[in-house]
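The structure under discussion appears below in the form of structure tokens.
The figures here come from the full heavy-atom set of this structure, side chains too, leaving out hydrogens, waters and symmetry mates.
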Amino acid sequence: MRHLSFVCFLSCFAIAGCNAAQIDAKVTPTQATAQPSKSLNIQINAQVEESPKPEANQIAEGRYWLGGTGQALEVQGEYFRYETEGGTQPWRSLSELQAVKTEVVFDGKLYWCLSTMQPKSEAATCSKEGWVTQESSSIPVESSGEPSRKINLNLGIYNVGSTYIQIAAKGDRQCLHIFSMRGWRVGSITPDDQREGVYRVQGWDNIRLSQPDPETLLIDAVAYQANHQFSQEIDENLQQCLDSEAPFERTGQGRT
């Protein structure tokens, strides 16, 4: 009987010892991982430092306008879409747009300005420099001087959508040819009598031209952007305007 009790005692001691060993075995790994080695710390820190930070989207959400037209460009998150006279177009990836400034984006053809930044007091149009008003795009004439009679418009093709404008020259004479599928008009260009850098087109009594930058032709509140891919061939009507020395105006239906 004593022998059996002693055996039980040894068994209990052995069990207690095993449990203690199991507890130590469980505690030891935890204690080991609580204090990582220096090499592990260096590796973790190196991974954190090398991880690139995500770049913030430079294109602000909202509606963008050209100015002077009913067209709009809407940006939401990582997508944008056009709103035209024909309706709203499908969403497209924001990667197709280029951020020129905080409030200006370029879609490969036109510059669009954030609508909330448009001047409220006067007509304005969007350019790569931002919103441009008719006043800011011209140079005021001093009361003691007279506007220059020289025309300083860049020659070439400009367009907004399917409406195109061509500026051509022969010597000091410049003429404008505007055309679309609905019709065309050709007119001689003369400097405005009141403001430097502003021009008139024969037959357009209330229309003024100016050029805020080399790539933009401003006609009142509409900005036409330079189109370097379109043919710059001079048609018969435009050539007759250039050859004439008198005020010239001619209109027609359909595209020339």
Side-chain angles (χ1 to χ4, degrees), residues 55-139 153-154 156-167 176 178-183 185 192 195 197-201 204 206-230:
E55 296 182 0
N57 190 352
Q58 296 180 350
I59 301 178
E61 289 191 345
R63 291 172 62 82
Y64 292 75
W65 294 340
L66 295 172
T69 72
Q71 301 180 64
L73 183 150
E74 181 182 7
V75 173
Q76 285 189 12
E78 297 299 321
Y79 300 92
F80 78 97
R81 63 182 178 184
Y82 294 103
E83 296 179 8
T84 66
E85 296 176 356
T88 301
Q89 298 185 14
W91 291 102
R92 303 168 66 167
S93 172
L94 198 63
S95 61
E96 297 181 31
L97 298 181
Q98 175 186 350
V100 180
K101 289 187 173 184
T102 306
E103 71 280 7
V104 181
V105 297
F106 183 62
D107 65 358
K109 295 181 178 180
L110 300 171
Y111 292 97
W112 300 79
C113 295
L114 198 61
S115 60
T116 55
M117 302 297 291
Q118 185 182 31
K120 306 298 182 183
S121 57
E122 52 189 329
T125 188
C126 183
S127 74
K128 65 180 180 180
E129 301 299 330
W131 286 110
V132 178
T133 63
Q134 190 72 34
E135 291 295 332
S136 62
S137 64
S138 60
I139 303 173
L153 294 174
N154 285 354
I157 300 288
Y158 303 80
N159 78 291
V160 170
S162 59
T163 301
Y164 293 81
I165 287 181
Q166 183 176 8
I167 303 293
L176 176 146
I178 182 170
F179 55 94
S180 68
M181 297 304 295
R182 293 179 293 181
R185 177 190 294 263
D192 186 80
R195 288 178 291 179
V198 179
Y199 308 95
R200 292 170 169 265
V201 178
W204 291 7
N206 299 319
I207 303 296
R208 299 292 183 272
L209 274 68
S210 60
Q211 191 147 34
D213 63 71
E215 297 292 307
T216 305
L217 184 67
L218 190 63
I219 301 183
D220 277 358
V222 180
Y224 290 76
Q225 300 299 324
N227 187 323
H228 302 289
Q229 285 72 45
F230 202 90

With sequence neighbours left out, what residues match Phe106 under ring pair (Phe, Tyr, Trp, His ring centres under 6.0 Å)? Tyr111
Please check: side-chain N/O of Glu103 versus main-chain N/O of Met117, any donor-acceptor pairing under 3.5 Å? no
Restricting to non-hydrogen atoms, name the atom on Lys128 and the atom on Val100 that form the minimum distance, rounded to 0.1 Å. O-CG1, 3.6 Å
For side chain to side chain contact (heavy atoms under 4.5 Å, CB included), just list the numbers for Leu73 and Leu97, CA-CA rounded to whole Å, side-chain angles, deciding distance to a tenth of an Å, and then say yes or no. CA-CA 11 Å; Leu73 183 150; Leu97 298 181; 4.0 Å; yes
Can you say whether the rings of Trp65 and Trp131 are parallel (under 30°), tilted (30 to 60°) or perpendicular (over 60°)? perpendicular
Closest contact, heavy atoms only, Ile167 versus Asn154: CB-O, 3.9 Å
Taking all non-hydrogen atoms of both residues, which atom of Cys113 and which atom of Val104 are closest, and how far apart? SG-CG2, 3.9 Å
Run the side chain to side chain contact (heavy atoms under 4.5 Å, CB included) check on Tyr199 and Leu153 step by step: do they pass? CA-CA 9 Å; Tyr199 308 95; Leu153 294 174; 3.6 Å; yes
Set of salt bridge (charged side-chain N to carboxylate O under 4.0 Å, His left out) partners for Glu61, sequence neighbours left out: none
Would you find a donor on one side and an acceptor on the other, under 3.5 Å apart, between the side chain of Thr216 and the backbone of Ala223? no
Rounding to 0.5 Å, atoms CH2 (Trp112) and OH (Tyr64) come to a distance of 12.0 Å
Measuring from Leu66:CG to Tyr224:OH, what's the distance to the nearest 0.5 Å? 11.0 Å
Name all residues meeting the side chain to side chain donor-acceptor pair (under 3.5 Å) criterion together with Ser127; count only those two or more places apart in sequence or in a different chain, and write none if there are none. none
So, taking the atom named CD in Glu129 and the one named CD in Glu215, what distance separates them when rounded to the nearest 0.5 Å? 11.5 Å
Taking side-chain contact (heavy atoms from CB on, under 4.5 Å) as the definition, give me every residue that meets it alongside Thr116, ordered by chain and number, with sequence neighbours left out. Leu114
Gln225 and Cys126 have their tightest heavy-atom pair at NE2-O, 3.9 Å
Less than 4.5 Å apart, side chain to side chain, heavy atoms only: is that true for Val201 and Leu209? yes
CZ of Arg92 to CZ of Arg81: how many Å apart, nearest 0.5 Å? 13.5 Å
Output all residues satisfying side chain to side chain donor-acceptor pair (under 3.5 Å) with Gln76, sequence neighbours left out; order by chain, then residue number. Glu74
Could you grab the distance from atom CG of Leu217 to atom CG of Leu176, nearest 0.5 Å is fine? 7.0 Å
Partner set under ring pair (Phe, Tyr, Trp, His ring centres under 6.0 Å) for Phe80, not counting sequence neighbours: Tyr82
Distance (rounded to the nearest 0.5 Å) between Ile165 CD1 and Ile178 CD1: 4.0 Å
